[in-house]
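Structure first, then comments.
Whatever order the structure lists them in is the order used to number ligands and atoms, beginning at 1.
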Amino acid sequence: MSNLPSNLIIDNGDGDEPMSNLSHNRHFADVLNANLSRRSALKGGLGASITALFGGVGLAGCATAVGSAGGPLIGFDAVPVSSADTVVVPRGYKVQTFVPWGTPISGNMPAFDPMNNTGADQANQLGSHHDGMHFFPIEGKDPYSGSSTEGLLVMNHEYVEPRYMHASAVGQKLDRGAVPALVNGKRPADECRKEINGHGVSVVHIKKSGNGQWDVVPGKLNRRITGATPMDISGPVRGTDFVKTKHSPDGTRTRGTLNNCAHGVTPWNTYMMSEENWAGYFINKVGANGRTREQSRYGVRSNDSKPATSRYGWELADSGADEFARFDVTAKGANPAQDYRNEANGFGWMVEVDPFNPNSTPVKRTALGRFAHEGVVFQPGVEGQPVVCYSGDDATNEYIYKFVSKGVYRKAAGLANGALLDEGTLYVAKFNDDGSGEWLPLVFGQAPLTPFRFQNQADVLVNTRLAADTVGATKMDRPEWGAIDPKNGQVYFTLTNNSGRTATDKANPREKSRWGHIIRWTEAGNSPAATQFNWNIFLLAGPENDSLLAGKPLNKDQMHNSPDGLWFDPQGRLWIQTDISEGSMNKGDYAQFGNNQMLCADPRTNELKRFLVGPVGQEITGVITTPDGKTMFVNVQHPGATTSADDFAAGKLTGTWPNQGRYARSATLVITKEDGGVIGT
Ligand code: FEO
Ligand code: CA
Ligand code: CA
Ligand code: CA
């Protein structure tokens, strides 16, 4: 368990966590390759051999009987790829641009004015970089039933683009990740505060008006949760030495949530925010080898990082106030209660909040493990059965996890069911060559998680990645969202790509890791709590000649790459969203895919059609409908991000969507059918 040498950390940019898995566990692609070579007797080229990896489930070709009317689930005409700075949807659909970054929702309702808004203003406005999202019907009883015209739209804000936030940035050569030039080695404190408040979650009370447009309803249900909001720590890590800080000497509290990517919705109507690429927000001002293992295995920055600051340099705020100093996790005092050496240990969790109570304190549920949580997806709650959920660790060569609660779900317990997430078993997935799989428990005291390696269960959880390395989990191609098929309980996960592969991975005969794929599995006996499963590949993304769905290459209406967002609607349509990175999109081999997009699949017929293409520079992420399926909300994140530093300085913007203000702004799309029908039909 030694610390990692810094020269082996590969930073893949855009705030994604650096590759830090140096264990010798088999990579998922190796398993796939072994599968491919063993089945090469099928011959007939790559397509035929890979076809053998696709399972029998979903290949029956039944053409009807899934939709409520018994007809096909997918009824729209596919849209072509697009590189235009606009949103494209099928004929018969319309789009309203809604709640862009900076929309006032609470407090004194400060109007959006990015050149003049303060950090305090940002705390009363929508955050930036909209991501995972849910529509909670206004009755507040069930996450998927109730009003389809009024509710709480709750969404994550993954990160910020500082050059678009500050007057000081104008005229400077800043790329999408840069902050304005330091002044005497410091950053203005209120710029830091504004960026911290641009992160987190927005809870927005919304309502459909008579003319079919959706509006924000001002009032006390609206809430901003930010990178500074007080939070409780619960579960096995609560109160342990790992999370004791100057702010919380007893290790029970922390401040804020960061880099909230995808989300989760519990069966008891609460919202889960994930903490994904949080590690880069902290710096330990020592050499890379001086970091603790709970820092190095996640990529917390060090003096060997370039630059040797945290992602946005919040620790450099000129006020020197505690709210900023905490991002410097260097040990400075005599013990952890005198400094912030443990501040980063308060991040990397799944965080639960009751969206209907604006005064509720969000809770970091440590039993679900600490890693770059993309999101979390829950199996439906079943009376008297354990609660089961899945979460991917989106970093190069990381793992897929499952949590099974010790206690059982009781509908009547309501919000008290949240305590189920404090005690249970965290498992990590091992995908075997023969299509079987195992859930390996991460339980202290069960070999090999012995006192030789770990002190206790809190240590196992704070160091979840190391525990998973130790038990021999399968390295995956960056697990992103999960989704559960409402018709059969199968679990689907996107594996977005693995551009950070080492040479060893390049020896892999399969090159699809440039484009990503979607895996799925069925739990043994169809029991969510099972410890074994069977897996197969649903989809290999990519261009027309290098991709497969059910053994057939994707056509021009289906080609896409880097699947990321994933959601099953209640009728069984699988919505797939893409995230080609800003550094690749619209360039070289990636240009053929155009801008990031969303597709719709029917896993029972293996239909797949492109439904939507977003504007320039963005990714499409986050999708939910109202319970009646007639209004769909989709997020557009980081439009305009591909504007170069030189162009930004010159005031020449590559993308300006949605053309509401000086710069491009993340925003939500409200999609309806002109005939008032269900989205997708
Ligand atoms: Fe934030 Fe893994 O996407
Ligand atoms: Ca994502
Ligand atoms: Ca992204
Ligand atoms: Ca992504």
Side-chain angles (χ1 to χ4, degrees), residues 11-19 101 127-134 155-161 175-177 198-199 201 258-264 272-280 311 350 371-377 390-398 400 476-483 492-500 513-518 541 560-567 575-586 590 593 595-599 614-624 634-642 655 664 666:
D11 191 332
N12 44 15
D14 292 324
D16 291 344
E17 283 196 2
M19 198 282 279
W101 161 53
S128 194
H129 288 56
H130 303 25
D131 209 314
M133 165 176 58
H134 190 72
M155 75 175 74
N156 290 342
H157 300 288
E158 190 175 26
Y159 58 102
V160 296
E161 192 157 334
D175 68 15
R176 58 187 175 270
H199 284 70
V201 169
L258 291 170
N259 211 269
N260 307 103
C261 194
H263 68 298
M272 303 283 295
M273 54 201 103
S274 59
E275 299 182 330
E276 191 195 13
N277 295 312
W278 49 272
R311 180 173 181 173
M350 290 301 317
F371 45 91
H373 281 280
E374 174 74 15
V376 66
V377 60
Y390 306 88
S391 185
D393 183 353
D394 179 14
T396 304
N397 301 336
E398 296 298 342
I400 294 176
M476 308 298 280
D477 284 351
R478 294 187 51 203
E480 301 254 26
W481 291 49
Y492 287 61
F493 257 77
T494 47
L495 299 165
T496 196
N497 58 53
N498 199 348
S499 58
S513 60
R514 294 184 75 196
W515 316 129
H517 56 287
I518 299 177
H560 65 281
N561 93 54
S562 300
D564 185 340
L566 197 67
W567 181 63
W575 299 89
I576 303 165
Q577 304 177 312
T578 73
D579 180 17
I580 305 169
S581 75
E582 297 91 299
S584 302
M585 67 171 79
N586 307 123
Y590 293 85
F593 301 101
N595 300 337
N596 278 307
Q597 58 179 279
M598 181 168 76
L599 306 99
V616 167
Q618 54 73 47
E619 73 175 90
I620 295 293
T621 181
V623 52
I624 186 69
V634 172
N635 278 332
V636 176
Q637 187 190 100
H638 64 71
T642 46
S666 295

Heteroatom test (N, O or S) for E374 near the Ca ion (ligand 2), limit 3.0 Å: yes
Test side chain to side chain donor-acceptor pair (under 3.5 Å) applied to H638 and E161, H130, R176, E619, the passing residue: E619
With N260, the side-chain contact (heavy atoms from CB on, under 4.5 Å) member among E276, H157, E275, E158: E275
Identity of the N, O or S atom of E619 lying closest to the Ca ion (ligand 3): OE1
Mutual orientation of the aromatic rings belonging to Y159 and H129 [parallel < 30°, tilted 30-60°, perpendicular > 60°]: tilted
Aromatic ring proximity W515/Y590, centre distance under 6.0 Å: yes
N, O or S of D579 under 3.0 Å from the Ca ion (ligand 4): yes
Test item: side-chain donor near acceptor, N635 and D131, under 3.5 Å: no
Angle at the Ca ion (ligand 2) (to 10°), with one arm to OE1 of E480 and the other to OD1 of D564: 60°
Metal check, the Ca ion (ligand 3) vs E582 N/O/S, cut-off below 3.0 Å: no
